[in-house]
Amino acid sequence: MMEDLNDIRLGYAICGSFCTFRKAIDEMKCLSDCGADIYPIMSQNAYSLDTRFGMASEFVSEIENICGKSVIHTIPQAEPIGPKKLLDVMVISPCTGNTLAKLANGVTDTAVTLAAKAHLRNARPLVIGVSTNDALAAAAKNIGALMNNKNIYFIPMSQDDPTGKPNSVVVRFEMTLDTVKKALEKQQIQPIYI
């Protein structure tokens, strides 16, 4: 097993599960501290929308400071990831139900989904961290379909509020590093966290 991520080129994509941005950015920093060369990617909504969880420009600035690179947030910026073989591994976390549906059905109309498609064409690992209120409802079939795909790995996930939001699941951000290391070895750690 890899002791660190030195010399690993890692794409880290963030989608619009705005309530999880703080944890996602903390994990991005952790991966950077472990030596990963991080290429930040954001969906257009994640890149541009201000919400009650924070200002988009502040998140973008913090991410760019951690990574030392501009955020990839348009389709033209994401397209070279495949042909240039820019990444060794790509993480999408948080990955929303909308993005899960697009990935499961081959829709590539955002920077994140095109980056994933471009990356997967090189048969390299894509790591997904699910964060959606309908993971155990409408999104369940898409999670199942993606779990059955070669080169796709899941960060462990668990229900965040079984009583108040029984269909909602959130990624266990603290398990991102372990999942990435195993994915680079073509192994899936237990994806359901109890």
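Numbers for residues simply follow the sequence, beginning at 1. What you see is a predicted model, and the numbers here were worked out from it, not measured in a lab.
- Here the side chains of Arg121 and Pro83 are in contact, with some heavy-atom distance below 4.5 Å.
- Between Thr110 and Gln44, every side-chain heavy-atom pair lies at or beyond the 4.5 Å cut-off.
- Of the inter-residue distances, the one linking Thr51 atom OG1 with Asn45 atom CG reads 11.0 Å to the nearest 0.5 angstrom.
- For the pair Asp161 (side chain) and Gly164 (backbone), a donor-acceptor distance under 3.5 Å is present.
- The backbone N or O of Gly82 sits less than 3.5 Å from a side-chain atom of Asn122, completing a donor-acceptor pair.
- The minimum heavy-atom distance linking Ile41 with Ala115 is given by the pair CD1-CB, 4.0 Å.
- Remark: Glu174 CD to Tyr193 OH distance equals 6.5 Å, nearest 0.5 Å.
- Residues Val171 and Phe53 are members of one and the same hydrophobic cluster, defined by side-chain heavy-atom contacts under 4.5 angstrom among Ile, Leu, Val, Met, Phe, Trp and Tyr.
- Follow the hydrophobic side-chain contacts under 4.5 Å out from Leu114 and you never reach Leu126; the two are in separate clusters.
- No side-chain heavy atom of Met175 sits under 4.5 Å from any side-chain heavy atom of Lys182.
- Atom-to-atom distance recorded for Ile128:CD1 and Thr179:OG1 is 12.0 Å, nearest 0.5 angstrom.
- Here the side chain of Gln159 pairs no donor or acceptor atom with the backbone of Asn167 at under 3.5 angstrom.
- Residues Phe154 and Val130 meet the side-chain proximity criterion, which asks for heavy atoms closer than 4.5 Å.
- A heavy-atom distance below 4.5 Å is found between the side chains of Ile63 and Met42.
- Listed here is the closest heavy atom pair of Leu136 and Pro166: CD1-O, 3.6 Å.
- Leu10 contributes atom CG, which lies 7.0 Å from atom CG of Leu5 (distance to the nearest 0.5 angstrom).
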Which is it for Ile155 and Val127 under the side chain to side chain contact (heavy atoms under 4.5 Å, CB included) test, yes or no, and what are the steps along the way? CA-CA 7 Å; Ile155 302 168; Val127 175; 3.4 Å; yes
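- At least one donor-acceptor pair under 3.5 Å links the side chain of Arg124 to the backbone N or O of Leu87.
- Annotation: the span from Thr113 atom OG1 to Leu100 atom CG amounts to 11.5 Å, rounded to 0.5 Å.
- The NZ atom of Lys23 lies 10.5 Å from the OG atom of Ser17; values are rounded to the nearest 0.5 Å.
- Put simply, the side chain of Thr99 never gets that close to the backbone of Cys95: no donor and acceptor are under 3.5 Å apart.
- Met147 is connected to Met90 through a chain of hydrophobic side-chain contacts under 4.5 Å among Ile, Leu, Val, Met, Phe, Trp and Tyr, so both are in one cluster.
- By the neighbour-count criterion of 12 heavy atoms within 6.0 Å, atom CG of Asp109 is densely surrounded, having more than that number from other residues, nucleotides or ligands.
- The number of heavy atoms from other shown groups lying within 6.0 Å of CG (Asn148) does not exceed 12.
- Minimum heavy-atom separation, Ala111 to Ile75: N-CG1, 4.1 Å.
- Considering only heavy atoms from C-beta on, Thr20 comes within 4.5 Å of Val170 through its side chain.
- Asp4 places a side-chain N or O within donor-acceptor distance of the main-chain N or O of Asn6, the cut-off being under 3.5 Å.
- Of all heavy-atom pairs between Asp88 and Asp7, the closest is OD2-O, 3.7 Å.
- A side-chain donor-acceptor contact under 3.5 Å links Lys186 and Asn151.
- For the residue pair Gln77 / Thr74, a side-chain donor-acceptor distance below 3.5 Å is found, with atom types taken as modelled.
- Looking at heavy atoms from C-beta onward, Leu146 lies in side-chain contact with Leu103 at the 4.5 angstrom threshold.
- When all heavy atoms of Pro94 and Ile14 are compared, the pair lying nearest together is CD-CG2, 3.9 Å.
- Listed by chain and number, the residues in a ring-ring contact (aromatic ring centres under 6.0 Å, His included) with Phe59 are Phe21 (sequence neighbours excluded).
- Panel note: side chain Tyr12, backbone Ser93; a donor-acceptor pair is recorded below 3.5 Å.
- Met55 and Ile66 are assigned to two separate hydrophobic clusters, defined by single-linkage of ILVMFWY side chains at heavy-atom distances under 4.5 Å.
- Put simply, Leu49 and Ile25 are part of the same group of oily side chains (I, L, V, M, F, W, Y) that touch within less than 4.5 Å, one to the next.
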Side chain to side chain contact (heavy atoms under 4.5 Å, CB included) evaluation trace for Val169 with Thr132: CA-CA 6 Å; Val169 162; Thr132 179; 5.7 Å; no
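- Sorted by first and then second residue, the salt bridge (Lys or Arg N to Asp or Glu O under 4.0 Å) pairs involving residues 33-46 (not counting sequence neighbours) are Lys29-Asp33, Asp37-Lys69.
- The only member of Ser131, Cys15, Ser43 that meets side-chain contact (heavy atoms from CB on, under 4.5 Å) when paired with Ile92 is Cys15.
- Here Lys117 does not pair with Glu79 in a salt bridge; the nearest charged N to carboxylate O distance is not below 4.0 Å.
- Nearest heavy atom pair, residue Glu27 against residue Thr176, reads OE1-CB, 3.7 Å.
- You'll find the side chain of Tyr39 reaches within 4.5 Å of the side chain of Arg9, heavy atoms only.
- In terms of modelled atom types and a separation under 3.5 Å, the side chain of His119 and the main chain of Pro125 share a donor-acceptor contact.
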